[in-house]
Asker: 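Here's a structure for you.
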2 protein chains.
Amino acid sequence: MVRQPAINAQNRAPLSTERIIETALQIVDGQGLSRLTMRRLGDALEVEAMAIYHHLPRGKEQLLDGLVAHVAAAPAAVPAGAADGGWRGALRSWARDYRARLLAHAGVLPLVVTRRNPTALTETVVSLREIMRRGAVTEDAAATAAHTLVGYVIGHCALEVRGTGEDGADRVVDWDARFDAGLDLVLTAAG
Amino acid sequence: MVRQPAINAQNRAPLSTERIIETALQIVDGQGLSRLTMRRLGDALEVEAMAIYHHLPRGKEQLLDGLVAHVAAAPAAVPAGAADGGWRGALRSWARDYRARLLAHAGVLPLVVTRRNPTALTETVVSLREIMRRGAVTEDAAATAAHTLVGYVIGHCALEVRGTGEDGADRVVDWDARFDAGLDLVLTAAG
DNA sequence: ACCTGAACACCGTTCAAGT
DNA sequence: ACCTGAACACCGTTCAAGT
């Protein structure tokens, strides 16, 4: 048995920014955003809370920014060649994936919505515009449609996690179907 | 001079739920959501923080719910007769007003997005569906379009306050124009 | 370099007490 | 009925100290 450099004297994996962010996301997903505290995060990492500051000098602000970057940065894949469904199909499947991602981490949605984190959503919007530009959509129309699409996806997810309850208590809303229907409206109008 | 029942012995207007909510909104608009604390709110109301609990027994939770209800509950006006622009025009002007409202109170946007507050958005969604039903849109299409529209408006506002910055540092985005353009896409597709 | 421990200035909330 | 004051169990963060 030679030494294992990834394990320190206390037999624990050493702290890393990535492990901190992932553990924080577990807490948010499991217990909600309000239960994410530096002290609890320290406990989950089996470390004193203050150790976190060594990896995230800006403290909790930086932690929350990291969470947003981790879930909101999901660029769309540019379809290889003339893929089936064309650029609309590529945008549709991106939108479905992105929605699934946001709903899986609904606790961070308020952060995604209002944290001023340029890089996180920027890549995503740029990738959407690129897909449309290749689909021969004019630059202006692509810019508008990209914002419309991202706005729709985020906004609809927000409605879903809130539950608008406009059908009374008993009638159930089929959110999957409703999302797809609204997505069709947006994609049909784009370009 | 007869007695002024609205002024108490300490020469202050008595506390009321409405005055509490409005003062809280002023703090959020002026200093941001993170600076809204019960103690600071008490200071602004010239009262001990604990006095607030007499009017809002559920404490800060109830306070935040009140803020959401105050800014997010804005039903659309049903157009009198066959107004100019028809139902699309009514929805368009509602959307513009609603956006202005959300941007004026951007600090509460994260609360609007994720607080489980049925009544606040429910009235709004119902009023939108009602307008479309009168415009001879089928019930299913109206339900979908209402969610699409509200989702778009909220999501777009979220993008605006974040600032996606996808055009680099110098090129400025005309958010007003972009919102209107996206709104046209959604309204054209609806019905 | 990486982590700890004690300390500071805050939080939200309870509860008994005042008027 | 309405508000106060002290107290409790938490926060995020700084800073000197340990290894």
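In what follows, chains carry the letters A, B, and so on, assigned in the order in which the sequence lines appear, proteins first and then strands, with residues in each chain numbered from 1. On a predicted model such as this, the values are computed, not experimentally measured, just so you know.
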Asker: Write down the distance between CG (B:D43) and P (C:dC10), rounded to a whole number of angstrom.
Answerer: 12 Å
Asker: For every nucleotide of nucleotides 12-19 of chain C, 5' to 3': is a protein heavy atom under 4.0 Å from its base (B), only from its sugar-phosphate (S), or from neither (-)?
Answerer: BBB-----
Asker: Applying salt bridge (Lys or Arg N to Asp or Glu O under 4.0 Å), name anything that partners A:E130, two or more places apart in sequence or on another chain.
Answerer: A:R133, A:R134
Asker: Taking all non-hydrogen atoms of both residues into account, name the closest pair between B:A76 and B:L128 and its distance.
Answerer: CB-CD2, 3.8 Å
Asker: List in chain and number order the residues that pass salt bridge (Lys or Arg N to Asp or Glu O under 4.0 Å) with A:D180, two or more places apart in sequence or in another chain; answer none if no residue qualifies.
Answerer: A:R96
Asker: Dot-bracket for DNA chain D, please, read 5' to 3', with Watson-Crick or G-U wobble pairs under 3.5 Å on both distances, ( ) within the strand, [ ] crossing, | other strand, . unpaired.
Answerer: ||.|||||...|||||.||
Asker: Round to a whole Å and report the spacing from CD of B:E48 to C1' of D:dT4.
Answerer: 6 Å
Asker: What residues, two or more places apart in sequence or in another chain, satisfy side-chain hydrogen bond (donor to acceptor under 3.5 Å, both in side chains) together with A:D184?
Answerer: A:R92
Asker: Expressed as a whole number of angstroms, how long is the span from B:I52:CD1 to C:dC11:P?
Answerer: 12 Å
Asker: Applying salt bridge (Lys or Arg N to Asp or Glu O under 4.0 Å), can you list everything that pairs with B:R58, at least two apart in sequence or on another chain?
Answerer: B:D65
Asker: Which pairs would a plain distance check flag for residues 24-35 of chain B, meaning a side-chain donor or acceptor within less than 3.5 Å of a matching protein atom at least two apart in sequence or in another chain?
Answerer:
{"from": "B:D29", "atom 1": "OD1", "to": "B:H105", "atom 2": "ND1", "distance (Å)": "3.2"}
{"from": "B:D29", "atom 1": "OD2", "to": "B:H105", "atom 2": "ND1", "distance (Å)": "2.7"}

Asker: Going by number, which of residues 24-32 of chain A have a non-hydrogen atom under 4.0 Å from DNA chain D?
Answerer: none
Asker: Tell me, please, which residues at least two apart from A:D176 pass side-chain hydrogen bond (donor to acceptor under 3.5 Å, both in side chains).
Answerer: A:R99
Asker: Identify, with sequence neighbours excluded, every residue that meets side-chain contact (heavy atoms from CB on, under 4.5 Å) alongside A:A181.
Answerer: B:T144
Asker: Atom NE2 of B:H55 and atom C1' of D:dC2: how far apart are they, to the nearest Å?
Answerer: 7 Å
Asker: Of the options D:dC3, C:dC2, C:dT4, whose atoms approach the side-chain atoms of A:V47 most closely?
Answerer: C:dT4
Asker: Please identify each residue that fulfils salt bridge (Lys or Arg N to Asp or Glu O under 4.0 Å) with B:R40, with sequence neighbours left out.
Answerer: none
Asker: Who are the side-chain hydrogen bond (donor to acceptor under 3.5 Å, both in side chains) partners of B:D97, not counting sequence neighbours?
Answerer: none
Asker: Heavy-atom distance under 4.5 Å between the side chains of B:V125 and A:L159, does that happen here?
Answerer: no
